[in-house]
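All chains are named by letter (A, B, ...) in the order of the sequence lines, taking the proteins before the strands, and each is independently numbered beginning at 1. Just so we're clear, the structure is a prediction, and the values are computed from it rather than from any experiment.
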Amino acid sequence: MTATIDAPATATAVTGTETEPKGHRRKVDVGTLLLTIWGVLGFLFLFFPVLVIIAYSFNTGRILQAWDGFGFSSYAAALSNPAIISGVQVSLYVAFWSAVVSAVLGSLAGVALARSPKAKWVGVLTGLLALTLVTPEIVNAVSLLPWFVTLGTDWGLSAFNLGLVRLIIAHTLFSCAVVTFIVRARMAGLSVSLEEAAADLGAPPIRRFLDITFPLMRPAVISGALLSFTLSLDNTVLSSFVSVAGSTPWPVFVFSSLRSSLRPEIAAMSTLMLLLTLVALGLVAFVLSRASKKTGEGPSLASTLAGG
Amino acid sequence: MTSTAETEIDFKTVEHSTAPGRVTLSGVSKLYGKNYAVQSLDLDIRAGEFISLLGPSGCGKTTTLRMIGGFEYPDEGSISISDVVMQDLPPHKRPVNTVFQAYALFPHMSVAKNVAYGLGYAKVPKSEMGQRVGDALAMVRMKHLADRMPAQLSGGQQQRIALARALVNRPSVLLLDEPMSALDRKLREEMQIELKLLQQQLGTTFVFVTHDQEEAMTMSDRIAVMNGGRIEQIGSPAEVYDSPTTANVAGFIGQQNFFTGSVENTGPVGASVTVPGATLVSAKAPGQPLVKGGPATVAVRPENVTVTAGDAAGPNQISATLMSISQLGSYLQVVMLTAEGLKVMARTNRTVDMPTRIGDAVTASWSAESVTIYPTA
Amino acid sequence: MTALDASSAPGLTQSSGIGPRRTGARRFRWNVGLLALPIGVWLVFFFIVPFVVILWYSFGDKPSLYVTHSNDTLSLGRFAEALSPVFFQTFARTLNIAASGTLICLLIGFPIAYWMAVKLSPKYQGLALGLVLVPYWTNFLVRTIGWQITLSPQSFLADVSRNLGFGTPELLYTSGAVQLGVVYNYLPLMILPLYVALERMDHRLLEASRDLGANAFEGFRRVTVPLALPGIGAGLLLVFVPLMGDYITPSVLGGAAGSMVGQMVASQFQTAQNWALGSAMAILLMLAILAVVVVFAIIFKVIGMVIDRVERVNVLDDAKGSAA
């Protein structure tokens, strides 16, 4: 209001804005260029060690770090090494079952959370699930180990002495939270009136779930299960604590060979595992995009992974 | 009435065998926390009538509908449909069907499957099902879209499918929860006429929830105007429009000029109220008893206001300055302001001697028959 | 149960005698909350109880060489032991690496996230997001080994260095290597929430602020940063918490010079077999993380309040100006 008195200042301000656009655009271009360079360098940084592993998987030498020559010998060696094969088998088995258990537990919880927005326990459960995601793995690992020993040895529940059972339980601890949050996001986007409409048209509660609720949440369940699968394949810390001799998963095998020496087979198998993970992730993206195309909207892979 | 040739519903295929239902709500209350969404509501819905529950958002109209449908259970009172007590039955055991606000079509089922969904639970034989679905889709002229997915349909098409999906079950009462709020104005006006004709053809009881008074006026046999969880007035559109019993109803149905003042005189038929700069006289019995000297609200509909040149001379005349004038369809809308700061709006046809320039001195006047007086709470 | 009575008596249409039967939002659907019961039981049994168990162990001791723990005498002795200079040094180093690592992640990650969210066309944003995720979903340990290869004395990097006459650089098994490793490993966890926050931001807000006379930097400071604040908070949390407990990265890249608390805890369970001390260390680690997070949350709140305050003072000043 007071500025209007100050006529000369307003005038210069006007000429200032008139000359601004040209100089201004050039300035933005420099900024954008710098940002682009920074972004591309950032991506190179993120990819660098992955590319190194892929490159060194073709190392024909005996020690991974020392490049000898190019060849596929490490792939042949990896696929004929029983310890490696068994490690991968254990990993895949555990990943499958922890994905199944997480999908069941997480789907049920996701529906419960999305459909009872005002209940008091919702905050408690959400907080607990978030806690499982932010607790350092090492703390989970050292607390699970004595507990499994207590259950298996002191209480005589021999199932908890089995390495595979321990691994599956440990891996579901973090992945069931992931599934829960994905399913909750999906369910929150589905109108309650769809279930009401089914009821209105005569469907009893069980049929409502089977006809309407489940088919619509299925993409979220599948993507959550696949994410659980990859998280389980990736897990090293928990696994190295709870696994027992004879059921060593693949990352634990790699971790223990760090203490002796790393061989190119490890890079070869890692490259194969990377391909597997990428296929699984591609499947997730595909399922999600198909679901969102079909029903109009749905969580994108990005917002899902970011916890939204 | 408009000819059916232009409308989208094929009335030849309309066939409905279920007897229309009568809905009785007595003393129904619904609490959300400590607040009454609906409070001690009594309502008799006659078999075969088209009734609208009209009111602003939060007035309890949707909650009332949802209690009839079974999506909410009343905390007090009883609901019966054709003499069968219903208030504790889940929705899938009630002989009513609903058209939801956002249609709630199942996004993973084709149009035909959506419409057939309810028939499966009604134990309709497979052989008959195809016929019924076809007829229902033909009724809303959507048969050609039977294999589409809901996401591929426009809002208007989705609404027709939702209607077909509800009506194919031959409910004794059809509940409609603001089904036209998502449609654009032109489509909405077309659908209003279609829906009314359809209801007359079927004879089914329709309970229609809306906040749009024009919509309610166009279609309803009766309108229940709701406010604060209660029914303020129930009656035919003409009754509600011509003799609103409360200032709330008067304000909600159609446009009104409201003036506040104090009661000067009150009698069995008619009363007069002093407002700043004028005396307003009503020849109608007041909606509620008036107290002499007490505060009152005077309502005059804009279409009853005449605008002339010259000074005010007598009751029901106010001198004012013309502030704006606009052509709205077939009539003029005139806004005037009195020296005392009262705003008067008129809807009138252009007359030869009417002042039309902004700033002209005018007199707004109306007959005593068009004035309604309410005590101010 | 009065509900059943009422519905089983169809003659009872009049409500004359029916008083308030129940209150609250009862609905036709059965209680879906029960579906959360399995996960609740699961988490209590495999998450809460085990944690309580090590909490209990942490008050005990290791009575002899062949026993992992005992709670015959309860004391805070293990906590004192865990905080003794030998171990405290590792705590301090861990906190140092975690704090600086988190900050470096923010400094590197913010421009990347900003570039992705604001400068890239939406068509390429999905691709960029995928590219951020691909390395992240590669095995954590394997990626770290990729850095070990790079930093090792036999690597191509060392070859280049030797050819240039700088000699063999000592990169591996230093705290610098650990710092690089953690920044690398947790960078995607910083970029993702920042990207989500910046991407959700309505870009018209920036234009509006420009329209209202702010220059590019002011628009960034007064619109972009405050709106990205929740994303920054989430990113700091997502990076800092797992970084504090990291055990893989220092094992692969750190050697003795760069060891962190995670390894210390692990060694008490796996080699020293002193579960009481290891439990105390794990509890302390949790407490340290909690303390830092709480402090950060308070700082964030204060920042938010200060911004709020500054804006409000401006408004008051304006009001005074026009009144005078």
Which bit of [X] comes within less than 4.5 Å of chain A, counting heavy atoms only: side chain, backbone, both or neither?
X: T68(C); value: neither
X: V142(C); value: both
X: A128(C); value: both
X: I145(C); value: both
X: L243(C); value: neither
X: L37(C); value: neither
X: F110(C); value: neither
X: M116(C); value: side chain

By salt bridge (charged side-chain N to carboxylate O under 4.0 Å, His left out) - contacts of D159(C) (at least two apart)
R162(C)
When rounded to the nearest 0.5 Å, the distance separating CG of L129(A) from CZ of F47(C) is 9.5 Å
Once you round to the nearest 0.5 Å, how far does CZ of R115(A) lie from CG of L35(C)?
11.5 Å
Pairwise side-chain contact, [X] with [Y], heavy-atom cut-off 4.5 Å (strictly under):
X: Q270(C); Y: F241(A); result: yes
X: I39(C); Y: L125(A); result: yes
X: T150(C); Y: P49(A); result: no
X: T32(A); Y: W115(C); result: no
X: K119(C); Y: T36(A); result: no
X: L285(C); Y: I138(A); result: yes
X: Q148(C); Y: L258(A); result: yes

Engaged part of V104(A) at the chain C interface, taking heavy atoms whose separation is under 4.5 Å
neither
With a 4.5 angstrom heavy-atom cut-off, which part of V252(A) approaches chain C: side chain, backbone, both or neither?
neither
Identify the heavy atoms of [X] and [Y] that sit nearest to each other, and give their distance.
X: P50(C); Y: S143(A); answer: CB-O, 3.3 Å
X: F47(A); Y: L131(C); answer: CE1-O, 3.2 Å
X: L35(A); Y: P111(C); answer: CD2-O, 3.6 Å
X: C176(A); Y: L43(C); answer: SG-CD2, 4.4 Å
X: Q65(A); Y: S152(C); answer: CB-OG, 3.6 Å
X: A282(C); Y: V142(A); answer: CB-CG2, 3.9 Å

Quick one: which of [options] has the most heavy-atom pairs under 4.5 Å with chain A, could you say?
options: I248(C), I191(C), V44(C), L290(C); value: I248(C)
options: D246(C), L120(C), V53(C), V241(C); value: V241(C)
options: I149(C), V49(C), I112(C); value: I149(C)
options: P242(C), A266(C), P38(C); value: A266(C)
options: A113(C), P153(C), G262(C); value: G262(C)

side-chain contact (heavy atoms from CB on, under 4.5 Å) involving F51(C) - partner list, sequence neighbours excluded
V139(A), I54(C), I283(C), M286(C)
Check for me whether the distance between the ring centres of F45(A) and W147(C) falls short of 6.0 Å.
yes
Suppose we call two aromatic rings close when their centres sit under 6.0 Å apart. Are F255(A) and Y247(C) close by that rule?
yes
Take the angle between the ring planes of F160(A) and F46(C) and call it parallel below 30°, perpendicular above 60°, tilted in between.
tilted
For [Y], is there any backbone N or O sitting under 3.5 Å from a side-chain donor or acceptor partner on [X]?
X: D234(A); Y: F140(C); value: yes
X: W38(A); Y: I108(C); value: yes
X: W147(A); Y: F45(C); value: yes

Worked check of side chain to side chain contact (heavy atoms under 4.5 Å, CB included) between N139(C) and M273(A)
CA-CA 8 Å; N139(C) 194 306; M273(A) 298 287 279; over 6 Å; no
Top contributor to chain C interface from [options] [non-hydrogen pairs under 4.5 Å]:
options: L173(A), L151(A), L108(A), L144(A); value: L108(A)
options: L64(A), T132(A), V254(A); value: T132(A)
options: I266(A), T172(A), T180(A); value: T172(A)
options: L145(A), I63(A), L233(A), V237(A); value: V237(A)
options: S116(A), S240(A), P146(A); value: P146(A)
options: V124(A), I54(A), L105(A); value: L105(A)

